[in-house]
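I have placed the structure first, in the form of structure tokens, so that the comments after it can refer back to it.
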Amino acid sequence: MPELPEVETIRRSLQPRVLGRCIVEVEVREPRLRRRIADNFAARLVGQRIDGIERRAKYLLFRLASGDCLVAHFGMSGTIIVHDTRVRPEPHDHVRLRLDDGAELVLNDPRRFGLLLLVAAGEMNDLAELRDLGVDPLEGDLRAESLAAALRRSRRPVKNLLLDQTVLAGLGNIYATEALFRAGIRPTRRACRVRRAEVVRLLDSIRAVLREAVDLGGSSISDYRDGNGRPGYFQLRLRVYDRKGEPCSLCGAAIRRVVQTGRSSFYCPQCQR
DNA sequence: AACAAGACCTGCATGC
DNA sequence: TGCATGCAGGTCTTGT
């Protein structure tokens, strides 16, 4: 679920609610996420003050006053919602953090592909998940030249490359699919066969689609919600994703679906070559 | 070394 | 109605 725009939306919605607040109580109801939550997680977290929330690609980083960092990833189905007061736990509410103003932060993740990790001050640089990330297309100074170099080196389908977080960090299946539509490039085309002029268009498309999605609060296909429990609206702007058989918004041709390494891709056979 | 397939989970829609 | 199947926003591990 949450790709870059959804995680950025969660960050913005949580920020005013948690900045400067102290964590006064931690309940781990289900430690078995993508990595098991450590036994001392709660003890280490209680008493810590939240000094800021940052985003790296699809990861959310809660900066704590001690220098420690609470790292969150949402997998396919994760959300963090802040409530004004204590609430009755729902199914799949795995971790609950009580703040000193009575608010409660709840991590819910039915599929448990998400991640919650308390990283000590000195150990952030060793964290493989973050260390191996490529450039964030909205944050970093990614140039068409370096994207072109990465594409030239690979014979994989261009969409697979866009999903490779060590190359570009933050794109997922929805936004990779949409960016390729805007750039007029078929997701199955070999990366090395994307021409230079197309790389420029592709990078522009990636940035545009991500920015527009952030502006609309992300895409709520089924269950994505921001930190206040509100949906996003970018799903209304999707041009090909999950639109198999529907007419292309540009030329009217029927949108096609293909499966690439186990994931659905959608494209217009007329507009994307 | 690069790449694909499988595994990890639950929930929902679809079709018989 | 019930059951089986396939699919879902991600990424880690395993094997070729």
Side-chain angles (χ1 to χ4, degrees), chain A residues 1-10 29-37 55-60 71-80 90-95 107-117 127-134 136 149-180 187-192 206 209-210 213-214 216-226 231-245 257-266:
Chain A
M1 170 211 314
E3 308 181 28
L4 185 156
E6 288 75 28
V7 179
E8 177 61 18
T9 302
I10 293 171
R29 311 181 72 240
E30 171 57 86
R32 295 173 302 163
L33 305 186
R34 191 162 96 210
R35 279 160 68 166
R36 190 186 176 84
I37 294 177
R55 180 189 58 78
R56 287 249 244 287
K58 304 176 191 173
Y59 290 85
L60 210 54
V71 177
H73 187 279
F74 300 98
M76 298 272 267
S77 58
T79 55
I80 288 188
E90 301 276 323
H92 312 301
D93 282 353
H94 303 316
V95 177
L107 174 83
N108 182 288
D109 185 358
R111 296 175 73 177
R112 290 194 270 119
F113 290 173
L115 190 69
L116 205 51
L117 212 53
L127 196 64
E129 279 88 344
L130 298 179
R131 190 192 51 211
D132 298 339
L133 286 176
D136 184 317
L151 290 166
R152 225 181 295 125
R153 264 184 261 120
S154 171
R155 294 170 51 77
R156 305 159 78 184
V158 55
K159 185 190 165 221
N160 294 25
L161 213 77
L162 297 185
L163 289 177
D164 185 337
Q165 303 296 301
T166 68
V167 177
L168 277 186
L171 283 181
N173 204 33
I174 293 178
Y175 298 108
T177 299
E178 291 294 312
L180 285 165
T188 49
R189 194 178 337 156
R190 286 182 192 276
C192 55
I206 289 168
V209 78
L210 292 176
V214 169
L216 289 179
S219 302
S220 292
I221 302 292
S222 62
D223 51 10
Y224 160 74
R225 292 293 183 271
D226 74 7
Y233 294 95
F234 192 76
Q235 70 279 8
L236 303 172
R237 302 276 261 268
L238 298 174
R239 314 279 286 278
V240 285
Y241 183 83
D242 206 17
R243 291 189 177 280
K244 178 188 174 187
R257 170 180 183 268
V258 290
V259 175
Q260 298 182 263
T261 53
R263 321 208 57 196
S264 289
S265 295
F266 302 87

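Letters go in sequence order (proteins before strands), and every chain restarts at 1.
- Across the P atoms, dA5(B) and dC7(C) are found 15 Å apart, a figure rounded to whole Å.
- Leu116(A) places its CG atom 16 Å from the C1' atom of dG10(C), with the value rounded to the nearest Å.
- Put simply, the side chain of Lys159(A) reaches to within 4.5 Å of the side chain of Asn173(A), judged on heavy atoms.
- Judged by distance alone, the side chain of Arg243(A) and the main-chain N or O of Phe266(A) form no donor-acceptor pair under 3.5 Å.
- Contact check, Arg112(A) against dT10(B): a side-chain N or O comes under 4.0 Å of OP1 or OP2.
- The aromatic rings of Tyr175(A) and Phe234(A) sit tilted, their planes meeting at an angle between 30° and 60°.
- Of all nucleotides listed (dG9(C), dC8(B), dC3(B)), dC3(B) comes nearest to the side chain of Ser154(A).
- The shortest side-chain heavy-atom distance between Glu30(A) and Arg112(A) falls under the 4.5 Å cut-off.
- Closest approach of Val214(A) and Pro5(A) over heavy atoms only: CG2-CA, 3.7 Å.
- For the OP1/OP2 pair of dT11(C) and a distance below 4.0 Å, the side-chain nitrogens and oxygens of Lys58(A) include at least one atom meeting the criterion.
- Arg34(A) places its CZ atom 11 Å from the P atom of dG10(C), with the value rounded to the nearest Å.
- For the pair Leu163(A) CG and dA4(B) C1', the computed distance is 14 Å after rounding to whole Å.
- Using P as the reference atom, dG6(C) and dG6(B) are 14 Å apart when rounded to the nearest Å.
- Nearest nucleotide to the His92(A) side chain, out of dT10(B), dG9(C), dT11(C): dT10(B).
- The minimum heavy-atom distance linking Leu161(A) with Ala150(A) is given by the pair CD2-O, 3.8 Å.
- For the P atoms, the distance from dC9(B) to dT14(C) is 14 Å, rounded to whole Å.
- At whole-Å resolution of the value, CG in Leu107(A) and P in dC9(B) are 16 Å apart.
- Within 4.0 Å of Arg32(A), counting heavy atoms only, lies no atom of the nucleic acid at all.
- Residue-level contact check: Asn160(A) touches the backbone only, with heavy atoms under 4.0 Å from sugar-phosphate atoms and none from bases.
- Atom P of nucleotide dT11(C) and atom CD of Glu129(A) are separated by 10 Å, given to the nearest angstrom.
- In this structure, Leu162(A) atom CG and dG10(C) atom P are separated by 13 Å, rounded to whole Å.
- The distance from the CD1 atom of Ile221(A) to the CD1 atom of Ile174(A) is 4.0 Å, given to the nearest 0.5 Å.
- By the 5.5 angstrom centroid cut-off and the 30-degree plane limit, Phe113(A) is classified as not stacked against the base of dC9(B).
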Worksheet, complete the sentence: Taking Watson-Crick and G-U wobble contacts under 3.5 angstrom, with | marking pairs to another strand and [ ] crossing pairs, the secondary structure of DNA chain B is written .|||||||.|||||||
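- Checked against dG10(C), dA5(B), dG9(C), the side chain of Thr261(A) finds its nearest nucleotide in dA5(B).
- Counting heavy atoms from C-beta on, the side chains of Leu116(A) and Asp109(A) never come closer than 4.5 Å.
- Side-chain N/O atoms of Thr79(A) and Arg225(A) include no donor and acceptor closer than 3.5 Å.
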Item to complete: For nucleotides 3-8 of chain C, just jot down a letter per nucleotide in 5' to 3' order: B, S or -, based on protein non-hydrogen atoms under 4.0 Å.
Response: -----B
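- One interatomic measurement links the two molecules: CG of Asp109(A) to C1' of dC8(B), which rounds to 12 Å at whole-angstrom precision.
- The heavy-atom pair separating Tyr59(A) from Arg34(A) by the smallest distance is OH-NH2, 3.4 Å.
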